[in-house]
Number of protein chains: 2
Amino acid sequence: MEPTVDANANASENAVRPAGAAGFVLDGIREAILSGEFVPNQRLVEADLSEQFVASRAAVRTALLQLAHEGLVERVQNRGARVRAVSLAEAIEICEVRMVLEGLCAAKAAERITAAEGVELDGIGAAMCAAVSAGDVLGYSRLNERLHRRVREIGAQRTAATVLERLRAQSVRHQFRLAMQPGRPTESLPEHLAIIAAIRANDPRAAELAVHAHLRSVIHALAGAEEHTGAANGRDSS
Amino acid sequence: MEPTVDANANASENAVRPAGAAGFVLDGIREAILSGEFVPNQRLVEADLSEQFVASRAAVRTALLQLAHEGLVERVQNRGARVRAVSLAEAIEICEVRMVLEGLCAAKAAERITAAEGVELDGIGAAMCAAVSAGDVLGYSRLNERLHRRVREIGAQRTAATVLERLRAQSVRHQFRLAMQPGRPTESLPEHLAIIAAIRANDPRAAELAVHAHLRSVIHALAGAEEHTGAANGRDSS
DNA sequence: GTCGGCAAAATTGTCAACAATAATGGCGCA
DNA sequence: TGCGCCATTATTGTTGACAATTTTGCCGAC
């Protein structure tokens with residue numbers, strides 16, 4: 001139950017939330033997974049969940065279906081669902097996709113950014129510097145998430161944004177592991193500032209390259225930190 | 001009921017197919033949408049579908065849920081589902097995402113391609129030339145689909161491949177419209193050959209650029225052909 | 001003649017019970 | 001004692017009926 005990175009941060013912007021009984025269960029389970037309350041490979045029994053939350057089994061079933069499509073849960077025919085454990089290799093794949101997709105969004109953001117949005121990005125950049133100086137790892141992690149999200153929004157590429165949001169949720173654990181790595185913020189800070197600068201300068205190409213460089217660095221750190229931290233939760237049986 | 005491009009071509013490789021009753025309905029509805037039997041914005045009433053196919057309403061419901069996640073149908077709370085009509089703007093967005101994602105796959109394919117796979121790509125290229133010479137538009141369209149799919153597979157980037165497969169299904173109609181445009185094959189043929197050559201030469205960067213160039217051309221053609229053909233089916237009320 | 005509201009119909013959302021399938025444990029047999 | 005088979009249990013898949021919601025058609029009032 002460690003990754004408390006942001007857990008509910010996405011609940012506000014996330015895609016589909018069929019209000020009512022079913023929607024409540026969906027958000028509940030998703031938050032439990034994202035917060036680490038439900039650990040990877042943990043079995044998700046429909047009956048148990050319908051008791052834990054109060055809803056009917058059908059509601060739980062619908063929620064699990066949705067979560068499977070979001071890539072947070074894996075289901076096998078007649079064998080039930082369990083929390084998806086994304087391996088290191090998968091995490092790297094996800095980052096590769098993020099690299100090109102966020103690059104696209106950043107390029108479009110550089111073309112479309114308004115003055116007000118520019119000021120906002122600068123604000124995030126300044127706050128990031130402050131967080132790193134103060135050694136506020138958790139605050140920096142939150143700002144990191146916020147920056148990436150704002151770039152997506154400014155880019156206004158809904159197709160890419162939807163995919164990216166889903167991928168982000170899938171790799172929350174790896175993202176957290178990375179944030180905890182000592183010296184990591186110091187390394188990523190200048191990369192983030194470069195992204196902001198390029199977008200502010202209305203330079204699509206530079207923005208794209210800056211994002212690429214940043215995520216290449218993330219991939220490198222991800223692969224390197226494999227054995228240092230405890231578990232790169234992969235395909236271990238529960 | 002015009003786009004007969006490939007319809008069932010994907011049924012074989014497509015992601016999740018919960019076998020049994022539910023799976024049959026899913027494939028049935030998907031194929032009906034892809035083949036154009038169900039037109040954009042057409043309402044999909046659960047009761048009607050459960051009669052048309054034989055399954056229960058719950059099976060239909062599950063299938064519609066799945067298709068919504070695949071982006072082929074749109075659902076609104078208490079208002080039912082209808083075939084998604086992807087507008088021209090959305091189609092262009094999709095192509096932009098395809099551009100960077102297929103670029104990534106092609107780059108990885110250039111690094112991983114085997115001799116046998118190289119021969120296979122060359123075969124596709126030769127067949128494409130033949131099809132264009134013979135004026136076989138439909139055959140060329142099929143080869144086009146096959147080339148893109150093989151590049152994805154050789155790239156071995158499952159995360160990207162999954163997203164691409166979903167996006168391809170969403171834009172089948174626009175893809176078809178484009179294929180029917182006179183002179184289009186002649187324009188895209190050299191682009192395809194360039195992609196094959198770059199991958200065969202084990203040149204990731206060149207492969208990525210070739211794919212980018214190709215899809216930029218697709219986007220251009222898509223935007224240009226807007227008013228020529230009959231309907232760029234957008235947000236028209238049923 | 002048209003607009004607002006009300007009732008009926010159509011359609012989806014929800015639920016609880018039943019059937020089918022896979023996992024578990026025990027028993028006999030070698 | 002170890003292995004394979006069968007009954008039991010746990011869990012998911014499916015079905016049908018009921019409730020809630022939205023849409024449609026109708027009627028009267030202005």
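Below, chains carry the letters A, B, ... as their sequence lines are ordered, and counting in each starts from 1. Because only heavy atoms are used, hydrogens play no part in the values below, and waters and symmetry mates are left out as well, while side chains stay in.
Aromatic ring orientation, F24(B) versus F53(B): perpendicular (interplanar angle above 60°, classes split at 30° and 60°).
Put simply, CD on E46(B) is 16 Å from C1' on dT23(D), counting in whole angstrom units. Between the CG atom of L64(B) and the C1' atom of dT11(C) there is a distance of 13 Å, rounded to whole Å. Per the geometry, CG belonging to L65(B) stands 14 Å off P belonging to dG13(D), to the nearest Å.
Among the nucleotides dG13(D), dT15(D), dT12(C), the one closest to the side chain of R75(A) is dG13(D). Distances were taken from every side-chain heavy atom of S56(B) (C-beta onward) to each of dT15(D), dG13(C), dT12(D); the shortest belongs to dT15(D). Picking from dT12(D), dT12(C), dC15(C) the nucleotide with the shortest atom distance to the side chain of A59(A) gives dC15(C).
Distance alone, capped at 3.5 Å, is enough to place a donor-acceptor pair between the Q157(A) side chain and the E93(B) backbone.
By the neighbour-count criterion of 12 heavy atoms within 6.0 Å, atom CD of E51(A) is sparsely surrounded, having that number or fewer from other residues, nucleotides or ligands.
Paired with V211(A) under the rule side chain to side chain contact (heavy atoms under 4.5 Å, CB included), one option of I199(A), L101(A), I195(A) passes, and it is I195(A).
Nearest heavy atoms, V73(B) versus L64(B): CG2-O, 3.6 Å.
Between the side chains of R184(A) and S217(A), at least one donor N or O lies within less than 3.5 Å of an accepting N or O. For the 3.5 Å distance criterion, the side chains of E70(A) and H69(B) fail to qualify, holding no donor opposite an acceptor.
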>> Determine whether L72(A) and L34(A) satisfy the following criterion, side chain to side chain contact (heavy atoms under 4.5 Å, CB included), listing intermediate values before the conclusion.
In response: CA-CA 9 Å; L72(A) 292 180; L34(A) 259 38; 3.9 Å; yes

Please write out the pairs of protein N or O atoms and N or O atoms of nucleotides 6-10 of chain D separated by less than 3.5 Å, giving the distance to one decimal.
none

> Which parts of nucleotides 17-22 of chain D does protein reach within less than 4.0 Å, heavy atoms only, written one letter per nucleotide 5' to 3' as B for base, S for sugar-phosphate only and - for none?
Replying inline: B---SS

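Looking at heavy-atom distances under 4.0 Å, L44(A) makes contact with sugar-phosphate atoms alone, never a base.
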